[in-house]
Amino acid sequence: MSESNRLRIAIQKSGRLSKESMKLLRSCGVKFNINEQRLIAHSDNLPIDLLRVRDDDIPGLVMDGVVDLGIIGENVLEEEQIERERLDKPASCIKLRELDFGACRLSLAVPNEFNYEDASSLEGLRIATSYPNLLRRYMQRKGITYNDCMLKGSVEVAPRAGLADGICDLVSTGATLEANGLYETEVIYRSNACIIQSSEVQLPAKQALIEKILSRINGVVRAKE
Ligand code: ATP
Ligand code: ZN
């Protein structure tokens with residue numbers, strides 16, 4: 001699909017992964033300036049274009065071969081992969097490596113007054129989440145049935161609003177849960193940011209550039225360890 005000679009890399013436009021994604025590329029020697037109004041930023045020194053989009057769009061853009069590389073949370077990648085497999089849409093890509101930022105966990109949490117023993121305490125109850133596929137996979141493995149409450153945002157307020165009995169949401173410090181009268185009961189998925197590549201065969205020059213960038217990323221990440 002992406003037949004341009006320039007390498008296309010999708011990164012999150014604004015959010016928790018944006019700064020670190022740009023910092024990583026810059027520390028690999030990719031020079032660029034961001035114009036907040038523009039979707040695309042052209043590198044000044046390498047044949048690379050950066051596409052700045054919503055993080056949720058990144059896995060699909062890579063799996064459809066619209067862009068060559070993407071920097072994304074493993075949580076969003078895996079959620080999209082399960083969804084696409086279910087819909088029989090292209091769902092493959094190559095995970096080049098895990099990165100050292102964007103760490104978080106997808107956890108089950110319930111109101112403070114909820115008497116929780118294990119995940120089976122949620123049997124037959126309603127769980128609010130933005131990650132229905134990761135939640136379903138976890139609960140299916142445990143043989144627990146539950147009801148979905150799909151929310152793209154404000155998941156943590158769902159129990160207090162009477163929309164759900166518990167939630168399955170991303171946690172990093174737990175402060176948001178606490179502020180909403182919830183406590184974390186189990187981690188269902190641990191995530192970091194990662195860099196992915198389209199499974200389509202690349203032009204040799206582009207593939208060589210990908211390898212050069214990857215080896216620089218390896219160097220940058222290792223230097224920090
Ligand atoms: P967008 O507008 O691009 O859709 P978003 O609101 O969906 O952004 P962010 O909150 O910026 O997404 O989170 C992006 C990613 O950052 C998450 O999918 C996850 O991989 C990672 N992350 C790290 N820590 C956290 C956290 N505490 N809460 C949420 N996401 C986190
Ligand atoms: Zn998002």
Side-chain angles (χ1 to χ4, degrees), residues 8-25 34-41 49-64 66-67 69-84 89 91 93-110 127-138 148-159 164 166-197 217 221 224:
R8 291 189 184 146
I9 309 179
I11 60 170
Q12 189 185 23
K13 181 170 194 283
S14 68
R16 292 174 200 262
L17 303 177
S18 307
K19 270 200 189 138
E20 292 285 352
S21 302
M22 292 194 285
K23 197 168 120 194
L24 178 68
L25 293 172
I34 296 292
N35 175 338
E36 280 308 323
Q37 315 301 323
R38 294 257 167 91
L39 169 73
I40 297 186
D49 293 336
L50 296 185
L51 252 87
R52 302 164 56 246
V53 293
R54 292 278 310 263
D55 69 338
D56 315 64
D57 294 335
I58 295 174
L61 289 170
V62 174
M63 291 167 189
D64 287 332
V66 178
V67 301
L69 299 180
I71 298 179
I72 186 63
E74 291 167 319
N75 53 317
V76 173
L77 171 63
E78 201 136 335
E79 177 70 21
E80 180 72 16
Q81 218 147 23
I82 305 173
E83 178 71 9
R84 284 178 160 242
K89 284 167 74 177
C93 68
I94 306 158
K95 193 192 276 187
L96 296 176
R97 72 161 294 154
E98 214 177 67
L99 300 169
D100 58 353
F101 59 88
C104 59
R105 52 195 193 269
L106 185 64
S107 291
L108 291 172
V110 293
I127 308 174
T129 191
S130 311
Y131 295 89
N133 291 305
L134 289 173
L135 175 61
R136 187 183 327 106
R137 185 174 73 184
Y138 182 81
D148 266 317
C149 169
M150 175 63 199
L151 288 174
K152 279 281 178 197
S154 308
V155 172
E156 66 286 349
V157 303
I167 69 167
C168 170
D169 202 8
L170 291 179
V171 184
S172 50
T173 62
T176 309
L177 291 181
E178 202 179 318
N180 285 284
L182 302 166
Y183 69 99
E184 185 177 2
T185 57
E186 46 203 273
V187 177
I188 76 158
Y189 188 84
R190 286 189 192 276
S191 178
N192 265 68
C194 64
I195 179 157
I196 55 175
Q197 180 182 346
I217 290 178
V221 176
K224 282 200 272 176

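Whatever order the structure lists ligands and atoms in, that order sets their numbers, starting from 1. This structure is a prediction, so every number in the text was calculated from the model and none was measured.
Considering only heavy atoms from C-beta on, Asn75 stays 4.5 Å or farther from Leu106 through its side chain. Side-chain contact between Leu170 and Val155 is absent, with no heavy atoms from C-beta onward closer than 4.5 Å. Considering only heavy atoms from C-beta on, Ile71 stays 4.5 Å or farther from Ile58 through its side chain.
For Asp56, the N, O or S atom with the smallest separation from the Zn ion (ligand 2) is OD1. Its N, O or S atom nearest to the Zn ion (ligand 2) is what matters here, and for Asp55 that atom is OD1.
Listed by atom number, the atoms of ligand 1 under 4.0 Å from Val76 heavy atoms are 18 (O). Here is the list of ligand 1 atoms found below 4.0 Å of a heavy atom in Gly73: 20 (O). With ligand atoms numbered from 1 in the order given, ligand 1 contributes 21 (C), 23 (C) to contacts under 4.0 Å with heavy atoms of Gly102. Those atoms of ligand 1 that come under 4.0 Å of a heavy atom in Leu170, given as number and element, are 17 (C), 18 (O), 19 (C), 28 (N), 29 (C), 30 (N). In summary, the atoms of ligand 1 found under 4.0 Å from a heavy atom of Ala103, numbered by their order in the structure, are 23 (C), 24 (N).
Of the candidates Ser18, Cys104, Gly153, Gly15, Cys104 brings a heavy atom nearest to atom 22 (N) of ligand 1. Evaluated by nearest non-hydrogen atom to atom 31 (C) of ligand 1, the leading choice among Arg16, Gln12, Arg105 is Arg16.
Counting protein heavy atoms only, atom 1 (P) of ligand 1 is closest to Arg54 NE, 3.1 Å. The protein heavy-atom contact nearest to atom 14 (C) of ligand 1 is Asp55 OD2, 3.4 Å. Ranking protein heavy atoms by distance to atom 27 (N) of ligand 1, first place goes to Ser172 OG, 2.6 Å.
Looking only at distances, a side-chain donor or acceptor of Asn192 sits under 3.5 Å from a matching main-chain atom of Leu99. For the pair Arg105 (side chain) and Ser172 (backbone), a donor-acceptor distance under 3.5 Å is present. No donor-acceptor pair closer than 3.5 Å links the side chain of Arg52 to the backbone N or O of Ser14. Side chain of Arg8 to main chain of Val66: a donor-acceptor pair is present (N/O by atom type, distance under 3.5 Å, no hydrogens or angles).
For Arg190, the CZ atom sits in a loose shell: 12 or fewer heavy atoms of surrounding residues, nucleotides or ligands are nearer than 6.0 Å. In the displayed structure, Glu98 atom CD is contacted under 6.0 Å by more than 12 heavy atoms of other residues, nucleotides or ligands.
Looking at Leu17 against ligand 1, only its side chain comes within 4.0 Å, counting heavy atoms. Here Asn75 has side-chain heavy atoms under 4.0 Å from ligand 1, and that is the only part of it that gets that close.
For Glu156 and Thr176, the side-chain atoms include no donor-acceptor pair closer than 3.5 Å.
Per-atom contact check: atom 6 (O) of ligand 1 does not touch the protein, criterion being a heavy-atom distance below 4.0 Å.
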